[in-house]
Amino acid sequence: MDEREIVERCRKGDQTAFRELYDTLSPQLISICRRYLGNTPDAEDVFQEGFVKIVNGIGGFSYRGSGSLSAWAAKVMINSALSQLRNKEMSVSLESVREVAEPTREEVRTVPAEILRQFVSELPTN
């Protein structure tokens, strides 16, 4: 079954075509996920999420010749991997901010009064 036929049959809900889509694209797509995410558990999670996006978005795919399906699927997978990386970075950044933003009472007591006055003077007036 060629790419065009796979797409058309997937649009009609043909389970055999979905299986063919998976069998054809999964080696390339899981490789992309591993390359972007490094570790296998994260790569597998992103692969699964990305493949669901591919299946759900196949109706909007526009066939443009041989290789266009795999190129489109790779783009979907790369975007899924990048999204995961951004979310992970954001999570790590927020954890770091929480650690810095929540000093202990003892740490606050050790800040000299002069420094506290300087911090207060730098606060916005409104």
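Quick note: residue numbers are just sequence positions, from 1.
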Rounded to the nearest 0.5 Å, how far does [atom2] of [Y] lie from [atom1] of [X]?
X: L37; Y: L85; atom1: CG; atom2: CG; answer: 5.0 Å
X: L25; Y: I54; atom1: CG; atom2: CD1; answer: 6.5 Å
X: Q84; Y: Y36; atom1: CD; atom2: OH; answer: 14.5 Å
X: L21; Y: C10; atom1: CG; atom2: SG; answer: 5.0 Å

- prompt: Quick one: side-chain hydrogen bond (donor to acceptor under 3.5 Å, both in side chains) pairs with a partner in residues 44-68, sequence neighbours left out?
  reply: K53-S80

Residue pairs involving residues 18-32 (criterion side-chain hydrogen bond (donor to acceptor under 3.5 Å, both in side chains); sequence neighbours excluded): R19-D23

query: Taking only residues two or more places apart in sequence or in another chain, which ones pass side-chain hydrogen bond (donor to acceptor under 3.5 Å, both in side chains) with R4?
result: none

field: Shortest non-hydrogen contact from I32 toward A74
entry: CD1-CB, 3.6 Å

task: Identify the two heavy atoms, one from V46 and one from C33, that lie closest to each other, and give their separation to 0.1 Å.
output: CG1-SG, 3.9 Å

task: Name all residues meeting the ring pair (Phe, Tyr, Trp, His ring centres under 6.0 Å) criterion together with F61; count only those two or more places apart in sequence or in a different chain, and write none if there are none.
output: W72

Presence of salt bridge, E5 and R9, under 4.0 angstrom: yes

- prompt: Under a single-linkage definition using a 4.5 Å side-chain heavy-atom cutoff for Ile, Leu, Val, Met, Phe, Trp and Tyr, are V52 and I30 assigned to the same hydrophobic cluster?
  reply: no

- prompt: Taking side chain as C-beta onward, heavy atoms only, is I58 less than 4.5 Å from I6?
  reply: no

task: State which residues pass salt bridge (charged side-chain N to carboxylate O under 4.0 Å, His left out) with R34; sequence neighbours excluded, sorted by chain then number.
output: none

